[in-house]
Amino acid sequence: MGMAEMTPRERWTSVLEGRGADRPPCDYWATAEVTARLRRDLNCPDDRALWKCLGVDKCIHLAPRHPRAVETDWHLQSLFSIWGIATRDIGYGQESTVRS
């Protein structure tokens with residue numbers, strides 16, 4: 001007999017503690033345009049409804065934030081700068097810009 005279905009929190013906790021889970025946890029990352037298109041096509045009113053529809057176990061990161069921090073201080077640029085790789089803004093859509 002199989003394991004009972006777990007909540008996303010139970011699934012992540014179980015895996016991170018080295019125990020079994022009913023299935024591997026699945027996170028979701030996409031551009032704003034892809035997320036908006038999926039929400040529209042799947043009739044999901046918000047991101048949480050989309051994650052549920054797709055069976056995603058979304059990791060929601062909660063942490064204190066420095067009062068003077070802005071997204072460019074901590075987001076993708078910081079992931080690359082530790083390796084000494086320069087980043088620059090590039091356009092990829094009508095109104096969007098991403099870091100690469």
Side-chain angles (χ1 to χ4, degrees):
M1 186 174 186
M3 191 178 288
E5 185 173 342
M6 302 171 110
T7 66
R9 182 183 182 108
E10 292 169 335
R11 195 170 291 119
W12 279 112
T13 301
S14 182
V15 167
L16 293 172
E17 290 176 349
R19 296 182 283 119
D22 60 336
R23 64 172 175 80
C26 175
D27 198 5
Y28 172 86
W29 289 84
T31 63
E33 296 85 357
V34 169
T35 299
R37 176 70 186 264
L38 284 170
R39 284 181 51 188
R40 186 185 77 219
D41 290 354
L42 297 173
N43 296 314
C44 297
D46 56 31
D47 287 350
R48 286 184 187 257
L50 176 64
W51 302 335
K52 185 170 183 155
C53 180
L54 296 174
V56 170
D57 305 303
K58 183 66 180 154
C59 287
I60 300 173
H61 303 279
L62 301 176
R65 188 172 161 108
H66 192 280
R68 292 186 308 241
V70 295
E71 183 170 319
T72 57
D73 291 339
W74 62 270
H75 201 253
L76 292 177
Q77 184 173 5
S78 64
L79 294 176
F80 295 108
S81 63
I82 63 171
W83 301 108
I85 300 171
T87 62
R88 63 183 173 89
D89 290 334
I90 57 169
Y92 71 101
Q94 295 174 351
E95 299 177 23
S96 301
T97 304
V98 296
R99 290 221 173 259
S100 72

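Considering all non-hydrogen atoms of both residues, G20 and M6 come closest at O-CE, 4.2 Å. In terms of heavy-atom proximity, P25 sits nearest to D57 at CA-OD2, 3.2 Å. Smallest separation of non-hydrogen atoms from A4 and D22: O-CB, 3.7 Å. In terms of heavy atoms, G55 sits closest to R23 at O-NH2, 3.0 Å. When all heavy atoms of V56 and P8 are compared, the closest pair comes out as O-CG, 4.5 Å. Pairing each heavy atom of V15 with each of A21, the nearest pair is CG2-CB, 3.8 Å.
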Output a table of donor-acceptor pairs, distance under 3.5 Å, between side-chain atoms of residues 44-52 and any protein atom two or more places apart or on a different chain; print 'none' if there are none.
{"residue": "D46", "atom": "OD1", "partner": "R48", "partner atom": "N", "Å": "3.3"}
{"residue": "D46", "atom": "OD1", "partner": "A49", "partner atom": "N", "Å": "2.8"}
{"residue": "D47", "atom": "OD1", "partner": "R39", "partner atom": "NH1", "Å": "3.4"}

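Residue E33 holds its CD atom at 12.0 Å from CG of L38, rounded to the nearest 0.5 Å. To the nearest 0.5 Å, the span separating CH2 on W12 from CD on E17 amounts to 13.5 Å.
Distance alone, capped at 3.5 Å, is enough to place a donor-acceptor pair between the T13 side chain and the R9 backbone.
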